[in-house]
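Below is one structure, written out as structure tokens; comments come after it.
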Amino acid sequence: MTPRPGAADRLRFFFILAGLLLSAGCGSARRSEPITSPLSVASPSVQRGQALFMEHCSPCHPKGEAGVGPALNNKPLPGFMIKFQVRHGIGAMPAFSQEELSDPDLDQIVAYLKILRHHG
């Protein structure tokens, strides 16, 4: 039986995505290392992202560090993959629906994570 056209492409995408997500979890977590300077969150959009992060993400990823979930302050994934992980949930991470976290709010969280990642 020959697979349908496109089925192999979806399977290949799944394995690539799974490999990237697994490799992202292999990085060492930054745990309470001294930060070189205070985190500057000047943009109102990033400030909103920080507030949303504290509300939705910080219970499992305190200050972006490892807790119940892995560290996010050194997560090498691009924004679109972080959004995919938030929307679909992977492993112990629950999925967040658009009713729980809108797309614009998720974009602001990702912008905050990018600043956090490049800060220390």
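This is a predicted model, so every value here is computed, not measured.
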What pairs with Lys83 under salt bridge (charged side-chain N to carboxylate O under 4.0 Å, His left out), at least two apart in sequence or on another chain? Asp107

Please, which pairs that meet salt bridge (charged side-chain N to carboxylate O under 4.0 Å, His left out) have at least one residue in residues 87-98, sequence neighbours excluded?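 Counting only pairs at least two positions apart or across chains, the salt bridge (charged side-chain N to carboxylate O under 4.0 Å, His left out) contacts touching residues 87-98 are Arg87-Asp103.
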
Are the side chain of His88 and the backbone N or O of Ala95 linked by a donor-acceptor pair below 3.5 Å?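 Here the side-chain-to-backbone pair does not exist.
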
Spatial distance of atom [atom1] ([X]) from atom [atom2] ([Y]) [nearest 0.5 Å]:
| X | Y | atom1 | atom2 | value |
| --- | --- | --- | --- | --- |
| Leu52 | Ile109 | CG | CD1 | 5.0 Å |
| Met81 | Ile90 | CE | CD1 | 7.5 Å |
| Leu72 | Cys60 | CG | SG | 10.0 Å |
| His61 | Leu113 | NE2 | CG | 9.0 Å |

Looking only at heavy atoms, which two atoms of Gly67 and Pro62 are closest? And how far apart?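 In terms of heavy atoms, the two residues are closest at CA-CD, 4.0 Å.
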
Could you go step by step and tell me if Gln108 and Asp105 meet the side chain to side chain contact (heavy atoms under 4.5 Å, CB included) rule? CA-CA 5 Å; Gln108 291 171 340; Asp105 286 351; 3.7 Å; yes

Would a single hydrophobic cluster contain both Phe80 and Val86, if residues Ile, Leu, Val, Met, Phe, Trp and Tyr are joined by side-chain heavy-atom contacts under 4.5 Å?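 They do share one cluster, since a chain of ILVMFWY contacts under 4.5 Å joins Val86 to Phe80.
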
In terms of the angle between their ring planes, are Tyr112 and Phe53 parallel, tilted or perpendicular, with boundaries placed at 30° and 60°?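 If you compare the ring of Tyr112 with that of Phe53, the planes turn out tilted.
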
4.5 Å side-chain heavy-atom contact, Asn73 and Lys63: no

